[in-house]
S.K.: 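Before I ask anything, let me first share the structure, which is written out below as structure tokens.
Chain identifiers are assigned alphabetically (A, B, ...) following the order of the sequence lines, protein sequences preceding nucleic acid strands; residue numbering begins at 1 within each chain. These figures come from a predicted structure and were not determined experimentally.
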Amino acid sequence: MIGGTMLYEHKKIEPKWQKKWRESGIFEYKGSSDPRPKYYMLEMFPYPSGRLHMGHVRNYSIGDVVARYYFRKGFNVLHPIGWDSFGLPAENAAIENKIPPAKWTYANIDNMRERFHQLGFSYDWSRETATCRPEYYRWEQKFFIEMFNRGLVYKKNSEVNWCPKCNTVLANEQVENGICWRHGCQVEKRKIEQWYFKITDYAQELLDCLDELKGWPDNVKEMQRNWIGRSEGTYIDFKFADSDETATVFTTRPDTLMGVTFVSMAVEHEFTAKFLEDAPNRAEMQAFIDEVKRLHLETRDENYEKKGFFTGKYLIHPLTGEKVPLYFANFVLAGYGTGIVMAVPAHDQRDFDFAQKYGLPVKVVIKPKDRDLELPLTEAYTEPGVLVNSGMFDGTGSIEAKKVISDHVIKEGKGRIGINYRLRDWGISRQRYWGTPIPMINCPKCGTVPEKIENLPVRLPENVEFTGVTSPLKDMPEFYETTCPCCGGKATRETDTMDTFVESSWYHMRYCDPKSSDVPFSRKEVDHAMPVDQYIGGVEHAVMHLLYTRFFTKILADLGYVGFREPVRNLLTQGMVCMESYSNDSGYLYPDEVYKKDGKYYTISDDSPVNVGRVEKMSKSKKNVVDPLVLIDKYGADTARLFVLFAAPPEKDLEWSEEGVEGCSRFLSRIWNIVTANEEIIRNFADPENVEGSGKELWAKTHETIKKVGEEIERFHFNTAISAVMELVNAAYKLKPETDTEKAVLAQALRSIILLLNPFAPHITEELAEICGMKAITETPFPTVDEKALVKDEILVVVQVNGKLRDKMNFPANVTAAEVEAAVRAKDYSKFLKSGEIKKVVYIPGKLVNVVG
RNA sequence: GCCGGAGUGGCGGAAUUGGUAGACGCAAGGGACUUAAAAUCCCUCGGGAUAACCUCCUGUACCGGUUCGAGCCCGGUCUCCGGCACCA
């Protein structure tokens with residue numbers, strides 16, 4: 001007690017309820033035999049770093065509100081949690097601290113689990129899953145082998161992105177502008193043999209199904225569309241002038257075919273070897289090729305100068321029969337299309353630049369509809385127009401000409417329709433230790449063969465010592481020495497492990513039947529619980545994780561494991577938690593090292609001024625972080641949850657504010673105080689049947705709030721749901737009850753506040769319910785609206801004159817349009833009327849009337 | 001450059017389908033309680049005009065349009081954020 005006001009004791013209350021929830025198993029999902037409709041609420045599972053950050057608090061608090069809401073709406077809710085527990089940090093920690101990655105990981109999981117309990121999340125802990133357990137990854141190995149048997153996995157020696165810090169290969173998606181997504185270090189290219197998943201086989205389906213994902217944000221779908229990068233065009237054959245061989249190009253602009261003045265190709269193309277042989281200036285050509293290759297390996301900046309080298313070969317234009325030169329060009333991508341492109345300098349800026357540099361002809365074949373192009377061109381004309389200098393195609397619109405010329409080429413047998421995707425196959429080999437072993441065996445006689453299914457899992461040895469940066473598996477004969485499953489002879493295991501994105505591609509299915517030991521999961525259970533009804537996670541996974549898991553779902557459907565092809569029905573991508581950073585000459589400072597005075601910041605240690613940086617994502621390196629543990633200790637989990645939900649809508653970035661946290665804490669205290677002060681009333685007065693006169697206002701407000709909170713939770717507007725409860729609390733403070741009716745109204749209002757706020761602040765509300773003799777909220781349905789309370793006797797009609805607010809009037813609820821119009825005409829609004837008289841009256845029933853004149 | 005998204009008080013943000021702009025919270029100011037402070041409770045709070053209430057003008061990045069009525073729809077401009085970027 002301070003000054004007569006009770007501060008509620010979160011440190012006593014919160015652990016009490018957490019223990020109850022944990023022991024009662026109240027949040028356990030009942031499986032497919034339960035008659036209630038299912039609701040699968042899933043948040044992206046965390047990497048168990050051992051450090052809880054605000055992003056976690058936000059992500060999982062959002063999910064918890066939704067889960068608790070649907071529990072109480074009578075759904076059979078599946079709300080599981082687990083650990084994405086393979087991955088690099090465990091290895092780095094192992095090197096630093098000389099602990100085996102397994103030990104470090106399991107300790108972190110224990111720690112994170114405690115943190116999650118401390119936040120009061122409603123998980124079904126009986127389904128907890130860690131991907132680094134053999135009971136989990138054995139199934140992934142099985143999937144791998146089945147995919148291999150179906151030709152969906154293959155091994156290829158290819159140039160890959162290599163992160164020198166991770167000491168491993170990265171998938172295309174993990175490289176951002178030539179920089180490792182995790183470390184920000186520069187990625188190198190290396191040639192290495194590795195395993196690929198044939199995601200390109202599913203490119204079209206992955207693209208098409210996006211249209212059906214109505215519950216996904218548009219930006220995520222658009223990012224996936226861009227990433228898949230489908231383009232329709234035409235393959236066109238150019239014969240070599242000096243041989244029967246053909247160089248095929250891919251183009252999306254067949255309308256410009258008549259403007260081709262040369263052809264360019266990537267130096268990595270297979271033709272290159274032969275050209276070198278034939279070249280009289282072989283040394284020079286080799287030097288050019290080497291330079292370009294070096295450029296491709298080393299450069300990060302994509303805007304390098306365009307360079308080329310004549311291959312010494314000419315091609316025959318398929319329509320005109322003209323000889324056009326074939327050049328090596330450093331900007332042609334080897335891995336896209338055919339690695340050879342037709343060059344139309346008049347209508348492609350890259351080709352234009354190249355032609356200028358090497359003095360190649362520029363032939364205009366498209367001109368704007370309404371004017372001529374000024375010659376010589378100073379840049380490529382890339383807009384649509386009308387064909388010129390194109391023989392039989394002259395006068396055709398360029399858009400139409402795409403089809404006309406393409407069809408013509410195809411009819412002549414010199415081309416075919418082609419569809420290309422930007423998407424590449426998913427390279428999943430990692431030269432790491434702490435990951436799922438790839439279940440393949442190299443036999444000197446039989447080649448590369450899968451391990452026998454009955455020998456799975458291929459276990460990752462957990463008691464290892466880390467000496468250096470390379471995977472210890474490569475130095476463990478007891479791991480890699482084995483016998484060939486085909487011939488029984490001596491053979492060696494694959495020592496690479498899988499990309500951790502493989503584990504996260506199917507964990508949501510394992511949750512449906514996490515203890516299954518004879519199959520990965522029961523088909524019946526997974527088909528019942530899936531797809532995920534609501535998935536919540538960071539937008540940084542918009543392409544990688546969410547594309548991979550969609551792909552994997554389609555694979556599992558094709559392998560017969562599941563009966564659906566999309567894993568997630570509704571997706572919410574939550575924003576980042578941000579904060580301003582503080583720094584001085586000696587570097588960044590933690591928020592608790594500075595204080596604020598008159599809008600400026602100073603260090604606590606010596607009162608020197610502090611620079612305030614812009615608001616950006618909380619990160620350890622900038623020290624602009626707030627430790628959730630400190631927050632929970634000071635204010636409690638309920639306040640922490642309430643703040644992250646109240647301060648911003650979930651999809652937006654959230655700016656941290658200590659004052660905002662205090663506001664939320666104050667709000668919970670207000671509830672605590674008004675409820676405990678009215679405990680007797682709450683105990684003794686049942687919900688009112690009907691209310692007239694005094695008390696009616698609060699009664700109506702109560703039911704309006706019940707309606708609003710439900711609606712707002714369902715559309716993820718938690719901030720407005722909370723503000724609705726705040727309004728009800730403010731209204732309840734205003735009623736000083738005297739009559740029994742008023743007391744009943746107040747009792748219901750306060751009970752509603754407790755019940756409505758429960759998904760956001762579960763501990764304090766359970767405690768208050770108990771104090772007031774109410775049933776446990778976990779067993780109480782979400783409140784329902786009494787429509788009677790929403791019926792109004794009187795309605796307020798706003799009066800506009802020429803669209804501007806001028807007046808307000810009250811009418812009986814059943815007022816007719818004619819009566820409203822008559823009332824309006826009876827008043828004198830002439831000073832607002834332009835013409836002095838009323839021309840028209842527009843009445844929007846129950847809301848507004850606009851007088852026009 | 002291309003593709004998305006967003007611009008609303010001192011601040012975070014409301015306004016669900018075109019219908020009272022600024023809910024709720026923070027900050028600020030005032031009052032009550034107190035010996036005092038803290039805490040708590042109550043009130044005020046976009047800008048401007050007016051002595052003042054009422055009232056009037058103005059206001060959702062900017063310019064224009066549609067409409068009885070626009071923060072919301074349409075066209076154009078600017079800025080910011082995110083994604084992609086030599087993909088032929």
S.K.: Excluding sequence neighbours, so at least two apart, what forms ring pair (Phe, Tyr, Trp, His ring centres under 6.0 Å) with A/Y635?
M.R.: none
S.K.: With syn defined as a glycosidic torsion within 90 degrees of 0 and anti otherwise, which applies to B/G4?
M.R.: anti
S.K.: Between B/C53 and B/C45, how far apart are the P atoms? Round to whole Å, please.
M.R.: 11 Å
S.K.: Just to be sure I understand the geometry, which residues of residues 329-340 of chain A put a non-hydrogen atom under 4.0 Å away from RNA chain B?
M.R.: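 Correct list: A/F331, A/V332, A/L333, A/Y336.
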S.K.: Counting only side-chain heavy atoms from C-beta out, which of B/A23, B/G13, B/A15 sits nearest to A/E727?
M.R.: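 My answer, after comparing the listed nucleotides, is B/A23.
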S.K.: So, does A/H717 get its side chain near the phosphate of B/A15, meaning an N or O under 4.0 Å from OP1 or OP2?
M.R.: yes
S.K.: List, with names and distances, any nitrogen or oxygen atoms from the protein found under 3.5 Å away from nitrogen or oxygen atoms belonging to nucleotides 25-32 of chain B.
M.R.:
| residue | atom | partner | partner atom | Å |
| --- | --- | --- | --- | --- |
| B/G25 | OP1 | A/N730 | ND2 | 3.2 |
| B/C26 | OP1 | A/R666 | NE | 3.3 |
| B/C26 | OP1 | A/R666 | NH2 | 2.7 |

S.K.: Any side-chain N or O of A/S231 less than 4.0 Å from the OP1 or OP2 oxygen of B/A88?
M.R.: yes
S.K.: By the 4.0 Å heavy-atom rule, please label A/K221 as base, sugar-phosphate, or nothing.
M.R.: nothing
S.K.: Taking distance alone, no hydrogens or angles, what donor-acceptor pairs closer than 3.5 Å link side-chain atoms of residues 842-853 of chain A to residues at least two apart or in another chain?
M.R.:
| residue | atom | partner | partner atom | Å |
| --- | --- | --- | --- | --- |
| A/Y843 | OH | A/G846 | N | 3.1 |
| A/N850 | OD1 | A/N802 | N | 3.4 |
| A/N850 | OD1 | A/G803 | N | 3.0 |

S.K.: Applying ring pair (Phe, Tyr, Trp, His ring centres under 6.0 Å), name anything that partners A/F354, two or more places apart in sequence or on another chain.
M.R.: A/F262, A/Y327, A/F331, A/Y358
S.K.: Taking only residues two or more places apart in sequence, or in another chain, which ones meet A/T573 in a side chain to side chain contact (heavy atoms under 4.5 Å, CB included)?
M.R.: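 With sequence neighbours excluded, A/T573 shows a side chain to side chain contact (heavy atoms under 4.5 Å, CB included) to A/P217, A/V220, A/V539, A/L571, given in chain and number order.
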S.K.: How close or far is atom C1' of B/G10 from atom CD of A/E655, stated in whole angstroms?
M.R.: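 After rounding, the reported distance stands at 13 Å.
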S.K.: Please name all residues satisfying side chain to side chain contact (heavy atoms under 4.5 Å, CB included) with A/S398, sequence neighbours left out, ordered by chain then number.
M.R.: A/D255, A/I366, A/P384, A/L387
S.K.: Using atom CD1 of A/I228 as one end and atom P of B/C3 as the other, report the distance to the nearest whole Å.
M.R.: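 Checked: the CD1 to P distance equals 19 Å.
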S.K.: Output all residues satisfying ring pair (Phe, Tyr, Trp, His ring centres under 6.0 Å) with A/F667, sequence neighbours left out; order by chain, then residue number.
M.R.: none
S.K.: B/A85 C1' sits how many Å from A/N226 CG, rounded?
M.R.: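 Nearest whole value for this atom pair: 10 Å.
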S.K.: With a 6.0 Å cut-off on the ring centroids, do A/F328 and A/F309 count as close?
M.R.: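 Between A/F309 and A/F328, which both carry aromatic rings, the centre distance is not below 6.0 Å.
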S.K.: Measuring only the P atom in each nucleotide, how far is B/C81 from B/U8? A whole number of Å is fine.
M.R.: 14 Å
S.K.: Could you give me the CA-CA distance, side-chain angles and deciding distance for A/T200 and A/D425, then say whether side chain to side chain donor-acceptor pair (under 3.5 Å) is met?
M.R.: CA-CA 6 Å; A/T200 52; A/D425 279 335; 2.7 Å; yes
S.K.: Distance check needed: B/A88 C1' versus A/F238 CZ, whole Å only.
M.R.: 12 Å
S.K.: Is a donor on one side and an acceptor on the other found under 3.5 Å between the side chain of A/T705 and the backbone of A/V725?
M.R.: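 Between the backbone of A/V725 and the side chain of A/T705 there is no qualifying donor-acceptor contact (under 3.5 Å).
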S.K.: Taking the C1' atom of each, how far is B/C33 from B/A39, in whole Å?
M.R.: 11 Å
S.K.: Filter on side-chain hydrogen bond (donor to acceptor under 3.5 Å, both in side chains), then keep only pairs touching residues 257-269 of chain A, sequence neighbours left out; what's left?
M.R.: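 For residues 257-269 of chain A: A/E268-A/H296.
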S.K.: Taking 4.0 Å as the cut-off, does a side-chain nitrogen or oxygen of A/K840 come that near to OP1 or OP2 on B/C68?
M.R.: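 Yes, A/K840 has a side-chain N/O under 4.0 Å of OP1/OP2 on B/C68.
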S.K.: Does this structure show an ion pair linking A/R58 with A/D653, if we count only N-O contacts that are shorter than 4.0 Å?
M.R.: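 Looking at A/R58 and A/D653, the cut-off is not met.
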S.K.: Between B/C24 and B/U17, how far apart are the C1' atoms? Round to whole Å, please.
M.R.: 23 Å
S.K.: Counting heavy atoms from C-beta on, name the nucleotide in B/G19, B/C87, B/A23 closest to the side chain of A/R350.
M.R.: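 In terms of side-chain proximity for A/R350, the closest of B/G19, B/C87, B/A23 is B/C87.
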S.K.: Between A/I844 (CD1) and B/G18 (C1'), how many Å, whole number?
M.R.: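 Distance, rounded to whole Å: 10 Å.
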S.K.: Once side-chain hydrogen bond (donor to acceptor under 3.5 Å, both in side chains) is applied, what residue pairs with a partner in residues 538-547 of chain A remain, sequence neighbours excluded?
M.R.: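 For residues 538-547 of chain A: A/Y535-A/H545.
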S.K.: What's the gap between B/C62 and B/C80 when it is taken at their C1' atoms, as a whole Å value?
M.R.: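 Looking at atom C1' only, B/C62 and B/C80 are 15 Å apart.
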S.K.: Mind checking if A/R806 touches a base, just sugar-phosphate, or nothing, with heavy atoms under 4.0 Å?
M.R.: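 Sugar-phosphate contact only.
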S.K.: Which comes earlier along RNA chain B counting from the 5' end, the contact point of A/N219 or that of A/K804, where each point is its nearest nucleotide?
M.R.: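 Taking each residue's closest nucleotide, the earlier one in sequence belongs to A/N219.
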S.K.: For a stem of at least 3 consecutive Watson-Crick or G-U pairs with distances under 3.5 Å, i pairing with j, i+1 with j-1 and so on, which stems involve RNA chain B?
M.R.: B:1-7 with B:78-84, B:10-12 with B:24-26, B:28-32 with B:40-44, B:46-49 with B:55-58, B:61-65 with B:73-77
S.K.: Looking at B/U20, does its base get a donor-acceptor pair with the side chain of A/K808 below 3.5 Å?
M.R.: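 For A/K808, whose side chain was compared with the base of B/U20, there is a donor-acceptor pair (under 3.5 Å).
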S.K.: Scan A/V341 against the nucleic acid and name what it touches under 4.0 Å (heavy atoms): base, sugar-phosphate only, or nothing.
M.R.: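 Result for A/V341 = base.
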S.K.: So, is A/R422 near the phosphate of B/A85, with a side-chain N or O under 4.0 Å from OP1 or OP2?
M.R.: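 So the side chain of A/R422 is within the cut-off, an N or O lying under 4.0 Å from OP1 or OP2 of B/A85.
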S.K.: What integer number of Å spans the P atoms of B/A38 and B/G31?
M.R.: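 Between the two P atoms, the distance is 13 Å.
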S.K.: Look only at the side chain of A/N719 and the backbone of A/A648, and say whether a donor-acceptor pair between them is shorter than 3.5 Å.
M.R.: no
S.K.: Taking only the side-chain heavy atoms of A/P649 (C-beta and beyond), determine which of B/A14, B/U20, B/A15 contains the nearest atom.
M.R.: B/A14
S.K.: Roughly how many Å apart are B/U60 and B/A23, using the C1' atom of each and rounding to a whole number?
M.R.: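 Result for the C1' pair: 15 Å, nearest Å.
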S.K.: More than 12 heavy atoms of other residues, nucleotides or ligands under 6.0 Å from NZ of A/K363: is that the case?
M.R.: yes
S.K.: Could you tell me how far apart A/K847 (NZ) and B/A15 (P) are, to the nearest whole angstrom?
M.R.: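 Those two atoms, NZ and P, are 14 Å apart.
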S.K.: Below 3.5 Å, does any donor atom in the side chain of A/R253 face an acceptor in the base of B/A88, or the other way round?
M.R.: no
S.K.: Determine whether a donor-acceptor pair (one donor, one acceptor, N or O, separation below 3.5 Å) exists between the side chain of A/N850 and the base of B/C68.
M.R.: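 Under the 3.5 Å cut-off, the side chain and the base do form a donor-acceptor pair.
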S.K.: When the C1' atoms of B/G76 and B/C26 are considered, how many whole Å apart are they?
M.R.: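 To the nearest whole Å, 38 Å.
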S.K.: Determine the contact category for A/E711: base if any of its heavy atoms lies under 4.0 Å from a base atom, sugar-phosphate if only primed atoms, P, OP1 or OP2 are that close, otherwise nothing.
M.R.: base
S.K.: Taking the nucleotide of RNA chain B with the closest heavy atom to each, which residue, A/Y421 or A/T720, is nearer the 5' end?
M.R.: A/T720
S.K.: Taking CG from A/N719 and P from B/A23, how many angstroms apart are they, rounded to a whole number?
M.R.: 14 Å
S.K.: Reckon A/K652 has a side-chain N or O less than 4.0 Å from the OP1 or OP2 of B/G13?
M.R.: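 Indeed, a polar side-chain atom of A/K652 lies that close.
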S.K.: Can you measure A/E821 atom CD to B/C68 atom C1' for me and round it to whole angstrom units?
M.R.: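 It works out to 13 Å between those atoms.
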S.K.: Using the test ring pair (Phe, Tyr, Trp, His ring centres under 6.0 Å), find all partners of A/F646 that sit at least two apart in sequence or belong to another chain.
M.R.: none
S.K.: Between B/A85, B/G19, B/U58, spot the one nearest the side chain of A/Q800, thanks.
M.R.: B/G19
S.K.: Heavy atoms only, 4.0 Å cut-off, all strands: where does A/I722 land among base, sugar-phosphate and nothing?
M.R.: nothing
